[in-house]
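Below you'll find the structure, written out as structure tokens, and then a few comments.
Please read all numbers here as calculations on a predicted model, not as lab measurements. As a basis for the values below, the full set of heavy atoms in this structure was taken, side chains included, without hydrogen atoms, waters or symmetry mates. We're numbering straight along the sequence, starting at 1.
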Amino acid sequence: MAFHLRSASAPSSPRSNKVDVEEQLQTLKATISASSSTIGTMCNGLTKLGEVYNCIGELLCLPSSQVMQQRKAVEQELERSLVLLDLCNAMQENFGELKEIILNVQLALKRGDDEAVQAKVQSYIRLAKKAQKQFKKTSKKSTAAEPESCKVIELLSEAREVAISMLESSMHLLSKQIAVPSSSKWSLISMAIQKRRIICEEEQLQELEFDIIDLENGVETLFRTLIQSRVSLLNTLSL
């Protein structure tokens with residue numbers, strides 16, 4: 001799915017920039033809800049979301065943004081944005097644990113320890129599901145902007161909700177990415193076939209590890225962008 005944001009150097013009105021951001025947020029929402037979504041599309045979405053935040057940051061600096069007249073709305077958005085930052089931190093911790101489990105699965109596969117493989121796979125699934133539950137619990141603390149808020153604050157609020165949905169969808173996709181044959185299935189095939197299947201499983205696990213690393217990088221970039229967004233909001237309070 002293609003994304004197109006106007007170049008910062010291209011002449012455009014604040015109104016057209018706001019329309020661009022709204023369109024991109026709608027496109028990202030469609031990406032998240034699409035049944036064909038993959039880890040790759042989520043990583044791409046995180047990158048595009050960072051660009052959206054940068055564009056909103058430019059709008060914040062415009063005199064026409066009306067942000068300076070809405071101190072309460074700015075303070076509320078600053079408070080709500082902390083929820084998203086907490087979720088990013090939690091995801092980074094989960095990524096580290098998931099990568100460690102994958103490493104243990106790979107070692108167990110090389111040893112031919114079927115029971116250990118199954119146990120570690122179940123640990124991965126439990127951790128991913130636990131992270132999803134924690135995610136939903138934490139995300140409930142994030143609420144939309146007040147109806148009377150200016151447009152730029154509304155865009156920040158919408159971007160925050162899109163980010164939360166994207167992170168939650170990413171964790172859901174990760175929970176579906178791992179599957180290893182049960183011990184009973186392994187016992188029905190010859191040693192030669194088992195060896196080939198082990199190689200196949202190791203390759204799949206490595207791909208999963210790369211997916212997690214890509215997401216990890218995407219979330220880290222988003223985190224830094226969110227920090228910059230908060231700085232821009234704080235600056236409006238000091239004007």
Side-chain angles (χ1 to χ4, degrees), residues 3 5-6 8 12-33 42 45-94 131-132 134-171 215 218-239:
F3 296 84
L5 283 172
R6 292 180 186 270
S12 56
S13 68
R15 178 177 175 79
S16 66
N17 284 339
K18 290 175 184 177
V19 172
D20 282 345
V21 171
E22 288 177 328
E23 289 177 350
Q24 295 308 314
L25 288 173
Q26 291 304 316
T27 302
L28 287 170
K29 287 179 181 179
T31 299
I32 296 168
S33 60
M42 289 298 111
L46 287 170
T47 299
K48 299 306 175 184
L49 186 58
E51 294 176 8
V52 168
Y53 266 104
N54 289 334
C55 191
I56 296 175
E58 293 176 6
L59 291 173
L60 279 170
C61 299
L62 297 175
S64 59
S65 69
Q66 298 179 336
V67 174
M68 289 182 287
Q69 287 78 41
Q70 296 201 333
R71 186 179 186 89
K72 181 179 178 182
V74 171
E75 291 174 344
Q76 288 176 336
E77 185 56 35
L78 282 168
E79 183 68 25
R80 290 165 181 149
S81 67
L82 290 175
V83 174
L84 182 52
L85 290 174
D86 288 343
L87 288 174
C88 287
N89 281 327
M91 279 201 77
Q92 295 289 55
E93 292 178 7
N94 290 327
Q132 283 181 267
Q134 291 175 334
F135 217 95
K136 290 181 178 180
K137 182 178 179 181
T138 304
S139 63
K140 288 180 181 179
K141 301 176 183 177
S142 177
T143 56
E146 300 297 331
E148 64 271 15
S149 299
C150 66
K151 190 60 182 178
V152 177
I153 293 297
E154 289 180 0
L155 290 174
L156 274 174
S157 175
E158 190 173 357
R160 173 167 44 81
E161 295 302 315
V162 168
I164 290 173
S165 296
M166 189 168 290
L167 295 179
E168 186 174 358
S169 295
S170 297
M171 188 57 70
L215 279 174
V219 172
E220 175 61 27
T221 300
L222 176 62
F223 182 88
R224 291 197 300 268
T225 304
L226 291 171
I227 294 296
Q228 184 57 51
S229 176
R230 283 178 57 81
V231 170
S232 298
L233 274 177
L234 287 168
N235 286 340
T236 65
L237 294 178
S238 62
L239 296 177

- Message: I need the Thr31 OG1 to Gln24 CD distance, nearest 0.5 Å.
- Response: 9.5 Å
- Quick one: do Val52 and Leu155 satisfy side-chain contact (heavy atoms from CB on, under 4.5 Å)? Show the steps, please. CA-CA 9 Å; Val52 168; Leu155 290 174; over 6 Å; no
- Query: Can you name the side-chain contact (heavy atoms from CB on, under 4.5 Å) partners of Ser165, sequence neighbours left out?
  - Reply: Ile32
- Task: Could you pull out all residues at least two apart from Gln132 that satisfy side-chain contact (heavy atoms from CB on, under 4.5 Å)?
- Result: Lys129, Met171, His172, Ser175
- Shortest non-hydrogen contact from Met166 to Leu46? SD-N, 3.4 Å
- For Glu158, side chain to side chain donor-acceptor pair (under 3.5 Å) partners two or more places apart: Gln26, Lys29
- Item | Least distance between heavy atoms, Leu28 atom then Lys48 atom | CD2-CB, 4.2 Å
- Message: Can you confirm whether Glu22 sits close enough to Glu154 that some side-chain heavy atom of one is under 4.5 Å from a side-chain heavy atom of the other?
- Response: no
- Taking only residues two or more places apart in sequence or in another chain, which ones pass side chain to side chain donor-acceptor pair (under 3.5 Å) with Glu75? Arg71
- Taking all non-hydrogen atoms of both residues, which atom of Leu25 and which atom of Val162 are closest, and how far apart? CD2-CG2, 4.1 Å
Got a list of side-chain donor-acceptor pairs under 3.5 Å for residues 84-93, not counting sequence neighbours?
residue : atom : partner : partner atom : Å
Asn89   : ND2  : Leu85   : O            : 3.4
Gln92   : NE2  : Glu216  : O            : 3.3
Gln92   : NE2  : Glu220  : OE1          : 3.3

- Are side-chain heavy atoms of Met42 and Ser169 found at a separation under 4.5 Å? yes
- Closest heavy-atom pair, Thr225 versus Asn54, reported as atoms and distance to 0.1 Å, is CG2-OD1, 3.8 Å
- Query: Do you know the tightest heavy-atom contact between Leu49 and Ala159?
  - Reply: CD1-O, 4.1 Å
- Could you tell me which non-hydrogen atom of Val21 sits nearest to which non-hydrogen atom of Cys55, and how far apart they are? CG2-SG, 3.6 Å
- Verify, without hydrogens or angle tests, whether Ser157 (side chain) and Ile153 (backbone) share a donor-acceptor contact under 3.5 angstrom. no
- Query: In Å and rounded to the nearest 0.5 Å, what is the CZ to OG distance from Phe135 to Ser170?
  - Reply: 8.0 Å
- Atom pair CG (Leu60) and OG (Ser229), whose distance is rounded to the nearest 0.5 Å: 6.5 Å
- Message: My understanding is that only residues two or more places apart in sequence, or in another chain, count here; which of them pass side chain to side chain donor-acceptor pair (under 3.5 Å) with Glu79?
- Response: none
- Message: Holding to side chain to side chain donor-acceptor pair (under 3.5 Å), I want the full list of residues that pass it with Ser81, two or more places apart in sequence or in another chain.
- Response: Arg230
